[in-house]
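Everything quoted here is computed from the prediction, not taken from an experiment. Each residue takes its place number in the sequence, starting with 1.
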Amino acid sequence: MGYLFFLLFMICWMIYGCISYWGLHCETTYTKDGFWTYITQIATCSPWMFWMFLNSVFHFMWVAVLLMCQMYQISCLGITTNERMNARRYKHFKVTTTSIESPFNHGCVRNIIDFFEFRCCGLFRPVIVDWTRQYTIEYDQISGSGYQLV
């Protein structure tokens, strides 16, 4: 989540940098010349900056959608992408044709508090689980299964 957030921030910064560059180095404005003339002027003024702008806008779209999708899964569903894709493999999920019920889903607000570990001066108490005590580390060579829930 942190990677996606900071990637989105850097893409926005790149878009801002391109627009600032055009304002300083290109002698055209959107209000004076109109849309199509402005686009052709900035493309000819600095083709590399124009390419970087288009590339940044493209990546902004998919990174923003991915960040929203991840936030939806974490906050509303209480599951990760791996758990959503492999829910039928895990015994603790109740999978129907239309939904996946997770035992880790505590509601939108509580899921956000738990994921980001918000404390807010003691008003919230995130559920912190010591996962080293939740699973065994033995691996059964015969059955091919391991990491059983304790």
Please say yes or no: joined through hydrophobic side-chain contacts below 4.5 Å, possibly via intermediate residues, are [X] and [Y] part of one cluster?
| X | Y | answer |
| --- | --- | --- |
| F6 | F60 | no |
| F116 | L66 | yes |
| I112 | M68 | no |
| I39 | F58 | yes |
| F35 | L54 | yes |

Parallel, tilted or perpendicular: ring planes of [X] versus [Y], cut at 30 and 60 degrees:
| X | Y | value |
| --- | --- | --- |
| F9 | W13 | tilted |
| F50 | W22 | tilted |
| Y21 | H25 | tilted |

Quick check: do [X] and [Y] have side-chain heavy atoms less than 4.5 Å from each other?
| X | Y | result |
| --- | --- | --- |
| N105 | I79 | no |
| I113 | V109 | yes |
| M1 | F5 | no |
| Y90 | N82 | yes |
| D114 | F104 | no |
| I19 | F53 | yes |

At what distance, to the nearest 0.5 angstrom, does [atom1] of [X] lie from [atom2] of [Y]?
| X | Y | atom1 | atom2 | answer |
| --- | --- | --- | --- | --- |
| N111 | M71 | CG | CE | 10.0 Å |
| M10 | L8 | CE | CG | 11.5 Å |
| M14 | M49 | CE | CE | 5.0 Å |
| C108 | L77 | SG | CG | 8.5 Å |
| I42 | T37 | CD1 | OG1 | 11.5 Å |
| S75 | Q70 | OG | CD | 10.5 Å |

Looking at every non-hydrogen atom in both residues, tell me the closest pair between [X] and [Y] and how far apart they are.
| X | Y | value |
| --- | --- | --- |
| P103 | H92 | CD-O, 3.2 Å |
| I15 | S56 | CG1-CB, 3.6 Å |
| I100 | R84 | CD1-O, 3.8 Å |
| V63 | L4 | CG1-O, 3.9 Å |

Sequence-distant partners of S99, side chain to side chain donor-acceptor pair (under 3.5 Å), two or more places apart = T96
Trace of the disulfide bond (SG atoms under 2.5 Å apart) decision for C26 with C45 = CA-CA 6 Å; C26 299; C45 175; 2.1 Å; yes
Pick one: which of T40, T44, D33 meets side chain to side chain donor-acceptor pair (under 3.5 Å) with T28?
->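 The option that passes is D33.
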